[in-house]
Every structure is written in C-alpha cells, then in structure tokens.
Amino acid sequence: MLDITLEDALFRRPDSRFMLRADHTFHGGTHTALIGPPGGGKSTLLDLLHGSLKLDQGRILFGTRDAAALKPARRPILFAAPAPDFPPRWSVQHVLIAALQRRGLDRTDRLAELLDLSTKWKLETLSERRFSTLSDGEQLRVRFAEIEALRPAVVLANRLLSLSSAFDRLGQAEHLFRSLRIIGSTLVSEISHFEELGLCDQVVVIDGGSLVQSGSPRRVFDAPRSRAAARASGRTSLIPIHVTGRTVESAIGTWTVETSPFSGSGIAIVRPDHFRIAAAGEESDLILNVEEASFADGRWEAAGLLVGGSVLHVRLPGSLPLHKGKLLPLRYDPSSFVLLPGELDEAAGK
C-alpha cells in the first residue's frame with residue numbers, strides 16, 4: 001500500500017491567475033474522491049499526481065520517493081479516463097492480454113489469469129469482439145477488468161464512470177473497488193455523479209485551487225464547511241437567511257437556534273430529505289408551488305421557487321400524486337440545517 005503525499009505543493013497555471021495549493025496525504029489502500037465546482041482544480045491535481053504537470057514549489061511523494069526524481073512513465077500509476085488508452089479496434093482478449101503482458105507474466109500465468117478475469121467480469125462471450133462494438137456497460141466491464149489485470153499501486157481516475165448508466169456504473173464500480181482494496185491499490189478519483197460518494201472512503205473538496213475540506217463522505221455531507229462542499233456532496237438548496245441573536249429569518253420561515261452561529265446575512269444549507277409532507281390535520285411550515293418534478297428510484301424529485309429567486313429541492317414518496325403547479329404543505333426540522341455566514345449574492349451563487 002502506497003501513500004501519496006503533497007508537501008507545500010504549489011502550481012501556477014501560466015496562462016491565467018489560477019493557483020493550486022495543497023498539503024495532503026492520500027493514505028495507501030484507500031479510495032478518495034475529489035469534488036468541488038468546475039474549474040476548482042480537481043483535474044489539475046490529478047495531472048500533477050500523474051506527472052503531466054509539474055509543481056512550481058513543494059513536492060509529491062509516492063511512499064518515500066520524490067516524484068520529481070521519477071519520469072511520468074516510471075511512476076507507479078495507472079491514469080484511467082473515459083476514453084481508453086488502447087486502439088478501439090482491439091478485441092476484448094487483446095486488451096486483457098496486453099495488460100497482463102505489462103505485468104511481466106509468462107504465457108501460462110497470462111492464460112490462467114485471462115480466464116479468471118473473463119469469468120469474473122462476464123466477458124467470455126465478448127472475447128473476440130472489438131472494443132468499439134461493445135455497449136457502454138460492456139466497455140465499462142472491460143475497462144475494469146483491464147485495471148484489475150494491471151494491479152496498479154495507484155489509480156488516478158478522471159470521471160471514469162461518466163459515460164455509463166447508473167445501473168452499470170455503481171454495481172460494477174463497487175466490484176472493482178473491492179478488488180482494488182484487496183490488491184492494496186490507492187485510488188484517487190474525480191467523480192462524475194453524487195452516488196459515487198457512497199463507494200469512497202474519503203472526500204477532498206477543492207475550490208479555487210485550495211483543499212477546503214476533507215473527511216468521510218458522511219461527514220462532508222452532514223457538515224459541509226462551505227458552499228462548494230455543500231453543492232459538490234449532493235443535491236442542495238442554499239436558502240438566504242438573516243440571523244439576529246438566536247432568531248433565523250428566511251424565505252421558508254423563521255426559527256430559533258440554541259446558540260447564535262453568527263450575526264447578519266448568510267445561508268442555510270438544506271438537503272431534499274430535510275422536508276416531508278405535512279400529515280392530514282398537521283400545520284405546515286411551508287407551502288411549495290412545484291415548478292419541476294421528476295421520478296427516479298421510486299421517489300419524486302421536486303423543485304419550486306422561493307421568494308427572492310432561490311430554488312428549493314425536495315424528495316418525496318413515489319406514491320404521492322405530483323405535477324407542475326401542485327401546492328405541497330411541507331414540514332422541516334431546522335436543527336438539521338447547516339448555517340454559514342455570507343452575503344446574499346454569494347448565497348445565490350452569483
């Protein structure tokens with residue numbers, strides 16, 4: 001298992017004012033997700049770890065070895081992106097044999113492991129097919145089998161799962177990540193979908209070139225320290241608030257907190273699951289006029305506009321009859337909201 005450490009790392013992009021600063025250790029054998037707003041530095045960090053970009057200051061260590069002393073091709077890394085790094089005309093068997101040859105296995109061991117991988121990833125009937133003729137789900141299985149065949153010490157994944165459906169993506173990815181843990185690979189990935197966070201050990205939030213928060217996915221989801229962390233860790237509504245003493249005023253109502261978090265303008269970070277339909281005869285905290293609604297995984301995802309232009313997202317039971325223009329009486333528990341200071345225009349994401 002190989003730790004990856006950034007020590008006083010600084011990178012300046014020559015054609016812009018962008019800078020990335022980082023001091024962090026990705027622990028060996030763990031899976032860390034990089035999340036944050038577009039342009040925040042996630043892909044830049046992966047490129048620095050890979051070696052296609054060079055630091056202006058500081059250093060990157062693979063275990064105890066300074067990456068600067070290693071050519072990119074000699075770093076113990078597999079860089080995995082949606083586009084394969086082999087010719088699409090290759091057959092599935094060709095892809096896997098090439099990966100096993102890179103491991104230096106002799107012919108007998110190659111054939112034995114090829115059989116094991118084909119069985120594990122259900123590729124027996126696809127072995128003679130060209131990679132380019134496969135469906136997205138089939139291509140994903142081939143890519144995962146190739147990664148396992150290489151047994152890399154470090155995997156850098158750049159939105160690897162972005163081209164596949166949720167059904168293909170999550171089940172197969174969990175299968176791969178379990179195998180990589182057994183191998184002892186260190187995995188750092190820029191994810192493409194919120195649900196991938198459930199497959200990770202750690203999350204690092206990158207915003208404006210800075211690592212602004214790290215921790216377990218549950219910790220970052222429940223207690224984001226910034227707007228970037230809130231937005232990147234799942235569907236979120238940012239509600240403008242004003243705090244006076246222990247009283248919080250907002251577009252969804254007024255409530256009292258035990259201890260004043262700050263004074264003045266700010267935002268309440270709320271999740272779709274923080275709301276429920278008021279029961280018959282129960283007084284509601286908020287009436288939401290549904291502007292949009294979609295159905296997925298047996299539940300409704302609905303959204304409505306609040307006073308001031310904020311959008312509120314709620315998740316509701318699939319048995320509820322829902323349509324645009326429906327008025328929803330909602331209840332919520334404000335003790336579950338995260339309150340952060342900030343001006344109203346920042347809260348609106350302008």
Side-chain angles (χ1 to χ4, degrees), residues 1-2 4 29-33 43 46-47 49-52 62 72-165 167-193 196 199-200:
M1 296 184 183
L2 197 63
I4 309 172
T30 63
H31 180 187
T32 302
S43 296
L46 287 179
D47 287 338
L49 296 177
H50 177 247
S52 50
F62 293 97
R74 298 300 302 272
R75 298 186 185 195
I77 285 173
L78 172 65
F79 193 92
D85 57 358
F86 52 80
R89 68 177 182 276
W90 278 12
S91 70
V92 171
Q93 182 172 279
H94 193 167
V95 171
L96 297 183
I97 288 178
L100 295 169
Q101 285 176 329
R102 287 170 61 182
R103 288 243 319 272
L105 299 182
D106 62 30
R107 186 174 185 277
T108 300
D109 289 340
R110 283 201 307 269
L111 292 177
E113 194 155 337
L114 174 64
L115 178 60
D116 289 342
L117 289 169
S118 297
T119 301
K120 177 176 181 178
W121 293 101
K122 300 178 181 178
L123 302 175
E124 303 99 319
T125 61
L126 305 178
S127 62
E128 301 300 325
R129 294 264 305 273
R130 289 189 177 188
F131 182 82
S132 59
T133 68
L134 304 180
S135 68
D136 287 345
E138 291 167 341
Q139 289 187 2
L140 190 68
R141 297 208 307 273
V142 175
R143 299 294 305 285
F144 285 177
E146 179 200 21
I147 291 172
E148 184 172 351
L150 289 167
R151 294 181 175 266
V154 175
V155 180
L156 305 178
N158 189 355
R159 299 175 62 85
L160 177 62
L161 310 183
S162 61
L163 300 182
S164 300
S165 68
F167 176 79
D168 292 323
R169 190 168 58 238
L170 295 182
Q172 301 298 338
E174 184 176 12
H175 202 32
L176 173 68
F177 299 155
R178 189 183 303 117
S179 298
L180 291 178
R181 284 189 176 92
I182 294 171
I183 294 169
S185 301
T186 304
L187 175 59
V188 182
S189 63
E190 179 183 351
I191 66 171
S192 50
H193 302 274
E196 293 174 43
L199 304 176
C200 303

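Hydrogens, waters and symmetry mates play no part in the numbers below; they use all other heavy atoms, side chains included.
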query = So, the side chain of S179 versus the backbone of H175: is there a donor-acceptor pair under 3.5 Å, distance only?
reply = yes
request  = Please say whether more than 12 non-hydrogen atoms of neighbouring residues, nucleotides or ligands are located less than 6.0 Å from CZ in R103.
outcome  = yes
message = More than 12 heavy atoms of other residues, nucleotides or ligands under 6.0 Å from CZ of R130: yes or no?
response = no
task = Write down the atom of R159, the atom of I191, and the distance for their closest heavy-atom approach.
result = NH1-O, 3.7 Å
key: Spatial distance of atom OG1 (T30) from atom CG (L187) [nearest 0.5 Å]   = 8.5 Å
key: Nearest-0.5 Å distance, CZ of residue R151 to CD1 of residue I182   = 9.5 Å
Distance in Å, W121 CH2 paired with L176 CG, rounded so as to fall on 0.5 Å steps = 5.0 Å
ask   = What pair of heavy atoms forms the shortest contact from A99 to A149, and how long is it?
value = CB-CB, 3.9 Å
N/O donor-acceptor pair under 3.5 Å between S185 side chain and P152 backbone = yes
ask   = Going by an N to O cut-off under 4.0 Å, is there a salt bridge joining R141 and E138?
value = no
request  = With E148 as reference, evaluate K120, R181, R178, R143 under the salt bridge (charged side-chain N to carboxylate O under 4.0 Å, His left out) test and give the passing residue.
outcome  = K120
task = Start with the C-alpha distance between L161 and L140, add both sets of side-chain angles, then the distance that settles side-chain contact (heavy atoms from CB on, under 4.5 Å), and finish with yes or no.
result = CA-CA 8 Å; L161 310 183; L140 190 68; 3.9 Å; yes
request  = Check ring pair (Phe, Tyr, Trp, His ring centres under 6.0 Å) between F79 and all other residues, then give those that pass, not counting sequence neighbours.
outcome  = H50
inquiry  = Check whether T186 reaches the backbone of G29 with its side chain - one donor and one acceptor, N or O, closer than 3.5 Å.
reply    = yes
key: Flag side-chain contact, heavy atom, 4.5 Å: V188 against L46   = yes
task = Heavy atoms only: give me the nearest I77-L49 pair and the separation to one decimal.
result = CD1-O, 3.2 Å
query = What is the minimum heavy-atom distance between L105 and R110, and which atoms define it?
reply = O-NH1, 2.9 Å
ask   = How close do L123 and V92 get, heavy atom to heavy atom, and via which atoms?
value = CD1-CG1, 4.2 Å
message = Rounded at 0.5 Å granularity, tell me how far CG in L117 sits from CD1 in I97.
response = 11.0 Å
ask   = Of all heavy-atom pairs between I147 and L160, which one has the smallest distance, and what is that distance?
value = CD1-CD2, 4.0 Å
key: Parallel, tilted or perpendicular: rings of F131 and F86 (30°, 60°)   = perpendicular
